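Fair warning: this is a prediction, and the values are worked out from it, not measured in the lab.
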Amino acid sequence: MNADAAAGRPAPGIAADLLAGLAIAGLLLPEAVAYAGIAGLPPQAGVMALFAGLVCYGALGRSRYAIVSATSSSAAVLAAGTLALEGGDPASRAAIVAGLVVLTGLCFLLAGALRLGGLSHLIARPVLRGYTFGLACVIALKQLPTLLGVPALHGDFVPALLVDLLGDIGGTRPAALGIGAIALLLLFLCERWRRLPGSLLAIALGIAGSDWLARHGVALVGAMRLAPQWAWPSWPSSGQWLPSVELAAALVLILYAESYGSIRNFALKHGDAVNLNRDLAVFGVANVVAGLLHGMPVGAGYSATSANEAAGARSRLAGLVAAGGVLLMVLFLLPWIERIPMPVLAAIVIHAVSKSLRLSAFSPYLRWHRDRLVALAAVLAVLSLGILNGLLFAIAFSLIMLLRRLATPRLSVLGRLDGGHDFVDLAAHAQAREVPGVLIVRPEEPLFFANAEAVFAQVRHRVADRSDLREVVLSLEESPDLDGTVLESLGDFVAWLDARSIALRVARLKDHARTALERMALPQLPPQALEYWSVEDAVLAATPAAKETT
């Protein structure tokens, strides 16, 4: 028994979790209410989602720091998707949201059962950063009317939103703008002193002046009904199943990509293990429970997870303590929560997404000259096509760019470097020399059905340029496996070489590729022509002329 236990004090780790959980509870509750506003749902939808996420992940999850709750990205996608499904009618849209969240949870559970832990890898990091930047722009822009006290904006096309906002700006309520600006200033100032709870201070200030603000036309949160709703969720109608499943799949992709990034970052920082498939299943359970409670979809948002780690959390107990803290606040402070001015919540949302509005996130891609177009396309797609369609377009665009690069491969012709054992690209190394009678080529991308014909066409062109050829050495170090199209193309190429009395030797084969060629059993490509572990071995075995140069 340690000294803390003997003295009746909690162990240091437990004490840290207690303090961290209580600290972040004050941040999570107003954010949950604010995210419900983004989704166009009543405040209790965000609070119920918060309870479901904290309790389910705290009991079943693996990450020590992940805080699972509603996120700004999923709230925005939910708003856009359900408006499209239900034609904008609030009553019918609210009825289907619960079923959609349950459907999202079932998709998570199915992905976990199928062990699709790499699902989030479909979204490249430049796409995710561009999407996050564009999403933050849309969210912040759509919070400005609340901050100004003018009618809400509808839609996702940013130029149209800006036109509508400029048309309404003349009706700005000074009281709403004043309390919103003060809240924003307070939130940004408290970033310099992390121990000061900026959100709580802004909320306390707003509540203190709520009577005066209400008299001057500033909207308050209003009545919240937090009794659990156990009614079975409404399922989509027959004509809405396909778009509902598509929207649920998009929510899974967004939530898991964001959650995986948060969990992985802190796992690497602290040397923790990550279990992707278990997390998929836990997110499934959390979303099913959230849907049954008529809450929003949930995931591990980066801002809440970062706040939990910064508050000193040591284990998942901090999330459970936060759930208890939120429950106490709801039980004893609900009348005060209902008096929070809406511009204060808008300021909290704008402050939360402002971290994603930093152009420095794109500087590595500009410096590396890599994926700049992909990141820019993701931003423009979200701003012009909407949140959901923009994400899907950005993912498709990144995959098209990948296929375009793979389908137009570079072929390097290799030569011996300074008479040594290394063979390098002749175009990049002027001191390298060709081996007489031998053409050595290396595709710089993996061979597959889309580029095989183009690669062997380039090799034929190189062969035609050499009148002294007796052997061709093909280095396949970049190709871990060969599909049917590649094998057929290689067979045609070998026959073409044989007709010209030129032999082919294949070097640096991976095991799967070697097995495929052995099963192909080409008479012009016997097993001994595949057994070269290095380019030098293949060159030395090629011709007597080649051996004399070594």
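Scanning all heavy atoms of the two residues, the minimum distance from Tyr256 to Leu276 falls at OH-O, 3.0 Å. Scanning all heavy atoms of the two residues, the minimum distance from Pro43 to Val221 falls at CG-CG1, 3.8 Å. The minimum heavy-atom distance between Val47 and Ala32, with the atom names listed, is N-CB, 4.1 Å. Scanning all heavy atoms of the two residues, the minimum distance from Pro341 to Gly206 falls at CG-O, 3.4 Å. Taking all atoms of both residues into account, the shortest heavy-atom contact from Ala66 to Ile263 is CB-CG1, 4.0 Å. Closest approach of Leu28 and Ala322 over heavy atoms only: CD1-CB, 4.2 Å.
Residues Ile350 and Leu184 have side chains in contact (heavy-atom distance under 4.5 Å, counting atoms from C-beta outward). When side chains are defined from C-beta on, Leu106 does not count as touching Leu110, because their heavy atoms never get closer than 4.5 Å. Under the 4.5 Å side-chain criterion, counting only non-hydrogen atoms from C-beta, Leu144 is in contact with Leu141. Looking at heavy atoms from C-beta onward, Leu220 lies out of side-chain contact with Ile340 at the 4.5 angstrom threshold. Proximity of Asp168 to Pro145: side-chain heavy atoms (C-beta onward) are nowhere separated by under 4.5 Å. Looking only at side-chain heavy atoms (C-beta outward), Leu161 and Leu165 stay at 4.5 Å or farther from each other. Using a 4.5 Å heavy-atom threshold, the side chains of Val374 and Tyr365 count as separate. Looking at Cys137 and Leu357, their side chains come closer than 4.5 Å, going by heavy atoms from C-beta outward.
Around the CZ atom of Phe449, the shell of radius 6.0 Å holds no more than 12 heavy atoms that belong to other residues, nucleotides or ligands. Within a 6.0 Å radius of CZ in Arg367, more than 12 heavy atoms belonging to other residues, nucleotides or ligands are found.
Take Trp212 and apply the ring pair (Phe, Tyr, Trp, His ring centres under 6.0 Å) test, not counting sequence neighbours, and it matches His216. The salt bridge (Lys or Arg N to Asp or Glu O under 4.0 Å) test applied to Arg125 returns no partner, not counting sequence neighbours. Taking the ring pair (Phe, Tyr, Trp, His ring centres under 6.0 Å) definition, one finds that Phe283 meets it with Tyr57, Phe108, sequence neighbours left out. Listed by chain and residue number, nothing satisfies the side chain to side chain donor-acceptor pair (under 3.5 Å) test with Arg316 (two or more places apart in sequence, or in another chain). Ser354 is linked by a side chain to side chain donor-acceptor pair (under 3.5 Å) to nothing, counting only residues two or more places apart in sequence or in another chain. Applying the ring pair (Phe, Tyr, Trp, His ring centres under 6.0 Å) rule to Tyr65 yields the partners His270; only residues at least two apart in sequence or on another chain are considered.
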Give the C-alpha distance, both sets of side-chain angles, the deciding distance and a yes or no for side chain to side chain contact (heavy atoms under 4.5 Å, CB included) between Trp336 and Ile203. CA-CA 10 Å; Trp336 298 104; Ile203 288 171; over 6 Å; no
Check step by step if side chain to side chain donor-acceptor pair (under 3.5 Å) holds for Ser74 and Thr71. CA-CA 5 Å; Ser74 63; Thr71 66; 2.8 Å; yes
Start with the C-alpha gap between Leu247 and Val77, add the side-chain angles, then the distance that decides, and say whether side chain to side chain contact (heavy atoms under 4.5 Å, CB included) holds. CA-CA 8 Å; Leu247 180 56; Val77 171; 3.8 Å; yes
Mind running side chain to side chain contact (heavy atoms under 4.5 Å, CB included) on Leu327 and Phe51 for me, showing each step along the way? CA-CA 8 Å; Leu327 179 60; Phe51 278 124; 3.8 Å; yes
Does the side chain to side chain contact (heavy atoms under 4.5 Å, CB included) test come out yes or no for Ile169 and Val150, once each step is laid out? CA-CA 7 Å; Ile169 204 166; Val150 299; over 6 Å; no
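Put simply, CZ on Arg129 and CG on Asp371 are 11.0 Å apart, with the number rounded to the nearest 0.5 Å. Ser73 contributes atom OG, which lies 6.0 Å from atom CG of Leu255 (distance to the nearest 0.5 angstrom). Annotation: the span from Leu392 atom CG to Ile254 atom CD1 amounts to 7.5 Å, rounded to 0.5 Å. Annotation: the span from Glu338 atom CD to Leu333 atom CG amounts to 11.5 Å, rounded to 0.5 Å. The CG atom of Asn308 lies 8.5 Å from the OG atom of Ser63; values are rounded to the nearest 0.5 Å. Atoms CG and CG, from Leu320 and Leu18 in turn, are 11.0 Å apart once rounded to the nearest 0.5 Å.
Thr104 places no side-chain N or O within 3.5 Å of a backbone atom of Leu251 that could act as its donor or acceptor partner. Within the 3.5 Å criterion, the main-chain N or O of Val101 finds no donor-acceptor partner in the side chain of Asn287. Under the 3.5 Å distance criterion, the side-chain polar atoms of Ser259 are matched with a main-chain donor or acceptor of Ala300. The main-chain N or O of Ile67 is found under 3.5 Å from a side-chain atom of Thr305 such that the two form a donor-acceptor pair. Remark: side-chain polar atoms of Arg278 are paired, donor with acceptor, to backbone N or O of Leu60 under 3.5 angstrom.
Phe133 pairs in a side chain to side chain contact (heavy atoms under 4.5 Å, CB included) with only one of the listed residues (Val382, Leu359, Val353), which is Leu359. Results of the side chain to side chain contact (heavy atoms under 4.5 Å, CB included) test with Ser356 over Ile139, Thr132, Leu135 single out Thr132 as the only residue that passes. When Ile337, Ile348, Val349 are each tested for a side chain to side chain contact (heavy atoms under 4.5 Å, CB included) with Pro30, only one passes: Ile348.
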